[in-house]
Amino acid sequence: MDSPLLPKEAGKFVSENSKDVSILEIGVQKIAELLFEKRNSKELDATGWKLLHDLNPQTMSEASVNWVFVTDTLNFSFWSENDDHKCLVKYKGRMHSGFWSLCAAINRALDEGIPITSASYFANITLDQLKYVLRSDTDVPMPMIEERLKVLKEAGNILLERFDGSFLNCIKKSENSAQKLLRLVVENFPSYRDETTFRGKKVAFYKRAQILIADIWGLLEGKGDGVFHDMTSLTMFADYRIPQALVYLGAMKYSEKLMKKIKQGTLFQSGDCQEVEIRGCSIWCIELILHRILELQAQRGCTNTHINSVLIDYYLWDYARDHRKDMADIPIHRVRCIYY
């Protein structure tokens, strides 16, 4: 089969052929205005990845790069069946949920002397060892533990065989190109191949592969091996949180039929037509928001043009988590898969 449409082109194609998800210009404008006003804040800067989130590594090192790789290899499916009954991980006196429960669990393991970010360790990790590392401080375990074991062991063995056990060696082969690193990740690590078929075309969303590159960029503050001259080629990371925020903020709209299914808690399958529409339209919606922000900067004589889709994603993901109670009437769409 032909190569898939890459995320940006995939998002445009899906949005042009979507039946149950639409993008609303008025909401695009609203979010663009909001983010334009925040353009010089840490919320919209590469350094915010560390400054705003203390569970992320705070030092630029090879060990930190490998932390990011392990975390993003396991970065999928954290939503809870019941918001009052979820997987929580306690770390340094605080309880963490969702993605942050994973980060807390990784940090807890490292503090306990478990080398969870070492390829030679996680390539051979057992189910019981991983269950211990990712153990919950409630009676709700982290979802998809067997799938997490499979992708982690697979990634560890590939790191050892092809990159001398360190993801930094993979980064160095990218020659400071986000797109080249994206290809290296997708070609070498099967669990990152987030591809499907929509209306007869193969499309790629590469949520975890793109966020891996973006997190490396944030960790390294866009310096040294983290200088990617083509960061603007990356899109947002199509998941279940950002679409919720985009619908809440009026930039996307679901058909009555789709909204009913989401409110009923329907479990979509990865690759279902409506699931693909939600993810693809989210990507293109963020591209339109970015385009509008850049127009506002040009119109108002601003020279700050560092904003990109990655930073918009980071902002909206935090926004969605911070406003979860406000968005109770717009549930996330539910999918259990390794891609997000």
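- In this model, no donor atom of one side chain and acceptor atom of the other lie less than 3.5 Å apart for Glu81 and His85.
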(request) Give the intermediate values and the outcome of side chain to side chain donor-acceptor pair (under 3.5 Å) for residues Arg292 and Gln29. (result) CA-CA 7 Å; Arg292 187 66 191 119; Gln29 178 71 21; 2.4 Å; yes
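- Arg336 places no side-chain N or O within 3.5 Å of a backbone atom of Ser270 that could act as its donor or acceptor partner.
- In this structure, Trp317 and Phe99 have perpendicular ring planes: the angle between them is above 60°, well past the 30° mark.
- Between the side chain of Asn176 and the backbone N or O of Gly224 there is at least one donor-acceptor pair closer than 3.5 Å.
- Side-chain N or O atoms of Asn157 include none that pairs as donor or acceptor with a backbone N or O of Glu154 at under 3.5 Å.
- Under a 3.5 Å cut-off, the side chain of Asn17 and the backbone N or O of Phe13 do form a donor-acceptor pair.
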Which donor-acceptor pairs under 3.5 Å do side chains of residues 259-266 form with protein atoms, sequence neighbours excluded?
unit_1	atom_1	unit_2	atom_2	d
Lys261	NZ	Gln274	OE1	2.7
Thr266	OG1	Lys261	O	2.9

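- Within the 3.5 Å criterion, the main-chain N or O of Asn40 finds no donor-acceptor partner in the side chain of His306.
- Taken to the nearest 0.5 Å, the CD1 atom of Ile289 stands 7.0 Å off from the CG atom of Leu35.
- Under the salt bridge (Lys or Arg N to Asp or Glu O under 4.0 Å) rule, Glu195 has a single partner from Lys207, Lys202, Lys201, which is Lys202.
- When only modelled atom types and interatomic distance are considered, Thr235 and Glu287 share no side-chain donor-acceptor pair under 3.5 Å.
- In terms of modelled atom types and a separation under 3.5 Å, the side chain of Ser18 and the main chain of Ser22 share no donor-acceptor contact.
- Residue Leu24 is not grouped with residue Tyr319 when hydrophobic side chains (ILVMFWY) are merged at heavy-atom distances under 4.5 angstrom, including chains of intermediate members.
- Thr117 and Asn66 share no side-chain donor-acceptor pair at under 3.5 Å.
- Criterion: ILVMFWY side-chain heavy atoms under 4.5 Å apart, direct or through other members. Under it, Ile332 and Tyr340 are part of a common hydrophobic cluster.
- Panel note: side chain Thr197, backbone Gly200; no donor-acceptor pair is recorded below 3.5 Å.
- The cationic atom of Arg148 (NZ for Lys, CZ for Arg) lies less than 6.0 Å from the six-membered ring centre of Phe78 and within 45° of the ring axis.
- Heavy-atom minimum distance, Glu277 versus Val21: OE1-N, 3.4 Å.
- In this structure, a donor-acceptor pair under 3.5 Å is absent between the side chains of Tyr339 and Asn75.
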(message) Quick one, Arg300 with Glu33, criterion salt bridge (charged side-chain N to carboxylate O under 4.0 Å, His left out). Give me CA distance, side-chain angles, the key distance, then yes/no.
(response) CA-CA 12 Å; Arg300 299 177 191 181; Glu33 293 276 1; 3.5 Å; yes
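- Using a distance-only test at 3.5 Å, with no hydrogens or angles considered, a donor-acceptor pair links the side chain of Ser136 to the main chain of Leu88.
- In this model, no donor atom of one side chain and acceptor atom of the other lie less than 3.5 Å apart for Arg208 and Thr73.
- The closest donor-acceptor contact from the side chain of Glu275 to the backbone of Gly271 lies under 3.5 Å.
- Asn107 and Trp67 are linked by a side-chain donor-acceptor pair at a separation below 3.5 angstrom, with hydrogens and angles left out of the test.
- Less than 6.0 angstrom separates the ring centroid of Phe189 from the ring centroid of Phe69.
- At least one donor-acceptor pair under 3.5 Å links the side chain of Asn169 to the backbone N or O of Phe163.
- Taking the six-membered ring where tryptophan is involved, the planes of His333 and Phe268 are perpendicular, since the angle between them exceeds 60° and thus also 30°.
- Closest of all the heavy-atom pairs between Leu182 and Ala209 is CD1-CB, 3.5 Å.
- Here the closest non-hydrogen pair linking Ala104 and Tyr91 is CB-CB, 3.8 Å.
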(request) Show the numbers, then the answer: is there a side chain to side chain donor-acceptor pair (under 3.5 Å) between Thr232 and Asn308? (result) CA-CA 6 Å; Thr232 55; Asn308 55 40; over 6 Å; no
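- Between the side chains of Ser61 and Ser64, at least one donor N or O sits under 3.5 Å from an acceptor N or O.
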